[in-house]
2 protein chains.
Amino acid sequence: MEYSLNIKMNEKLFLRNPEQTDLGKKIILFSIQLIHEKGFEDFTFKKLATAIGTTEAGIYRYFENKHKLLIYITAWYWSWLEYRVITYTENILDPVEKLRKAIKFLATSVEDDIRTSYVNESILHQIIISEGSKAYLTKHVNEDNQDQLFKPYKDLCSVIGNYILECNPDYKYPRSLATTIVEMAHIQNFFMQHLPALTDFGKSKSESNILDFLEDLVFHEIKK
Amino acid sequence: MEYSLNIKMNEKLFLRNPEQTDLGKKIILFSIQLIHEKGFEDFTFKKLATAIGTTEAGIYRYFENKHKLLIYITAWYWSWLEYRVITYTENILDPVEKLRKAIKFLATSVEDDIRTSYVNESILHQIIISEGSKAYLTKHVNEDNQDQLFKPYKDLCSVIGNYILECNPDYKYPRSLATTIVEMAHIQNFFMQHLPALTDFGKSKSESNILDFLEDLVFHEIKK
DNA sequence: TATTTATGATAGTATTACTATCTTTGCTTA
DNA sequence: TAAGCAAAGATAGTAATACTATCATAAATA
């Protein structure tokens, strides 16, 4: 049996829906590869077009500019992650176990999900680590936010925040702690890879250490 | 009596030392204003030159490119902050009080320091919040790191890490907790301003709430 | 007075970030 | 089977960006 997983994306993110055509899917597939390879600053629609074997104008029919494309692929990632977190925790009754599992999904690398043919999730995870925050660290964040472009990120954080409240209904900072988990899962990973003196995981360079740190932090904080 | 505070910057950050000439000081002063006004992506040496009343070529004599200039001003900020943290905590004996004071310096807005005529620290603080992480989130972070460009950031985190260890010598993650404090002090501030649903401070929008959250987090975590 | 140093003035190039237009291909649907 | 439409290809063009180079000039210094 074959599976396929479809994530409905906000229509303001694109001009033409990339999921509905061959070229569109290629744009997503190759842009993930190219952004990972060159970094977002050095990534251009010209280079993307050449890699795909189409023209610049072809890309512009799908995305207004490269920043919208970055928001698209990050938003896709957060939606996919929320889906995974929810499906893999729904049978767990103990809220502490649920939260533990969620943290694990955030802090651990993923393997390519075979149900999504035109997205390579393990590379996407690396992009989130290195480029993810550039999606919102702009002067037009307020307008983008009004267009709901960051909803998937907020939804994921909201799920984590609710798990935190299930563990301790009196805890005062469930949202801020949720974003702390999500952000630090990625920032600690980046620092571990590139600026190891800023972490305690420089020698082993293992994601399981980040996981241990985050669990330690979260469960000390919300302990009743 | 007049005071002046001088911070020695890494020579690899510039081509000609901006602190030693009038034009150099103007470049720092105006670039801080302009980056804050336009955001880093929309900031160009052309616009900076026009604002100062000099030419593009004039700016290029001081800085290789706008990214080096960003690293320069962020590095300056971290050095200045480390200096403040150290001087204002050196007479405090209780390590918990010391750490508490340090967190306060990180999470609270500053007023313009009159001892540094060509740097506006309160605007610089906003730049750190919105643009700071772009200094290291690049494909050339490893080369920049080899050139010691991030040393001021590391030094500051190291100071905080040591205060953490003074509070609890057995604590396992002093470096990662230090970077968590520094990063989250700024990220929570950005979210509070622009994506308030991601924090618990959306209504009041007050920095003192961020401070309370960070203290709560840190002292629960390192409690013996 | 000679010389170095900083700045100004001007010009030029490759690349980026688009926009516009016209043609072709291939798939519906009457 | 023909007409019609949507997607994609081909090509061109523009303003801005990110530089590099050169030559002149003014001020500081030796």
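Throughout, protein chains are lettered first and strands after them, A, B, ... in sequence-line order, and every chain is numbered starting at 1.
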Exercise. Any ring pair (Phe, Tyr, Trp, His ring centres under 6.0 Å) pairs touching residues 22-59 of chain A, not counting sequence neighbours?
Worked result: A:Phe45-A:Tyr60
Exercise. In residues 21-31 of chain A, which ones come under 4.0 Å of DNA chain D, going by heavy atoms?
Worked result: A:Thr21, A:Leu23
Problem set entry | Within 6.0 angstrom of B:Ile114 CD1, more than 12 heavy atoms from elsewhere | no
Exercise. Is there a donor-acceptor pair closer than 3.5 Å between any side-chain N or O of B:Thr108 and the backbone N or O of B:Phe105?
Worked result: no
Problem set entry | Sequence neighbours excluded, every pair satisfying side chain to side chain donor-acceptor pair (under 3.5 Å) that has a member inside residues 61-77 of chain A | A:Glu19-A:Tyr72, A:Thr21-A:Tyr62, A:Glu64-A:Lys68
Problem set entry | Residue-phosphate contact under 4.0 Å: A:Arg16 side-chain N/O, D:dA8 OP1/OP2 | yes
Seminar exercise, completed: For B:Ser176 and A:Thr199 the tightest heavy-atom approach is OG-CA, 3.4 Å
Exercise. Quick one: what's the B/S/- string for nucleotides 24-30 of chain D, heavy-atom cutoff under 4.0 Å, read 5' to 3'?
Worked result: -------
Problem set entry | Separation of atom CG in B:Asn65 from atom C1' in D:dT17, rounded to whole Å | 13 Å
Seminar exercise, completed: In short, salt bridge (Lys or Arg N to Asp or Glu O under 4.0 Å) pairs touching residues 192-205 of chain A with sequence neighbours left out are A:Asp200-B:Arg175
Exercise. Do side-chain atoms of B:Thr87 reach the backbone of B:Tyr83 as a donor and acceptor pair under 3.5 angstrom?
Worked result: yes
Exercise. What pairs with A:Thr89 under side chain to side chain donor-acceptor pair (under 3.5 Å), at least two apart in sequence or on another chain?
Worked result: A:Tyr163
Problem set entry | Contacts of type side chain to side chain donor-acceptor pair (under 3.5 Å), residue A:Gln126, not counting sequence neighbours | A:Gln193
Problem set entry | Length of the CZ-P vector between B:Phe63 and D:dT17, whole Å | 20 Å
For this session: Kindly state each residue pair satisfying side chain to side chain donor-acceptor pair (under 3.5 Å) with at least one member in residues 42-53 of chain A, sequence neighbours excluded.
Result: A:Asp42-A:Lys47
Seminar exercise, completed: Atom NZ of A:Lys66 and atom P of D:dA16 are separated, to the nearest Å, by 19 Å
Exercise. Once you round it to whole Å, what is the distance between P of D:dA10 and OH of A:Tyr60?
Worked result: 18 Å
Problem set entry | side chain to side chain donor-acceptor pair (under 3.5 Å) partners of A:Lys151, counting only residues at least two apart | A:Asp155
For this session: Determine the interplanar angle of the B:Phe150 and B:Tyr136 rings, folded into 0 to 90°, and report it as parallel if under 30°, tilted if 30 to 60°, perpendicular if over 60°.
Result: perpendicular
Problem set entry | Interface with DNA chain D, restricted to residues 33-55 of chain B and to heavy atoms under 4.0 Å | B:Thr44, B:Lys47
For this session: Look at all strands and tell whether A:Glu64 reaches a base, only sugar-phosphate, or nothing, counting heavy atoms closer than 4.0 Å.
Result: sugar-phosphate
For this session: Please list all pairs passing the salt bridge (Lys or Arg N to Asp or Glu O under 4.0 Å) test where one or both residues lie in residues 28-41 of chain A, with sequence neighbours left out.
Result: A:Glu41-A:Lys134
Exercise. Nucleotide range of DNA chain C contacted by chain A, 5' to 3', under 4.0 Å to a heavy atom?
Worked result: C:dT16 to C:dT21
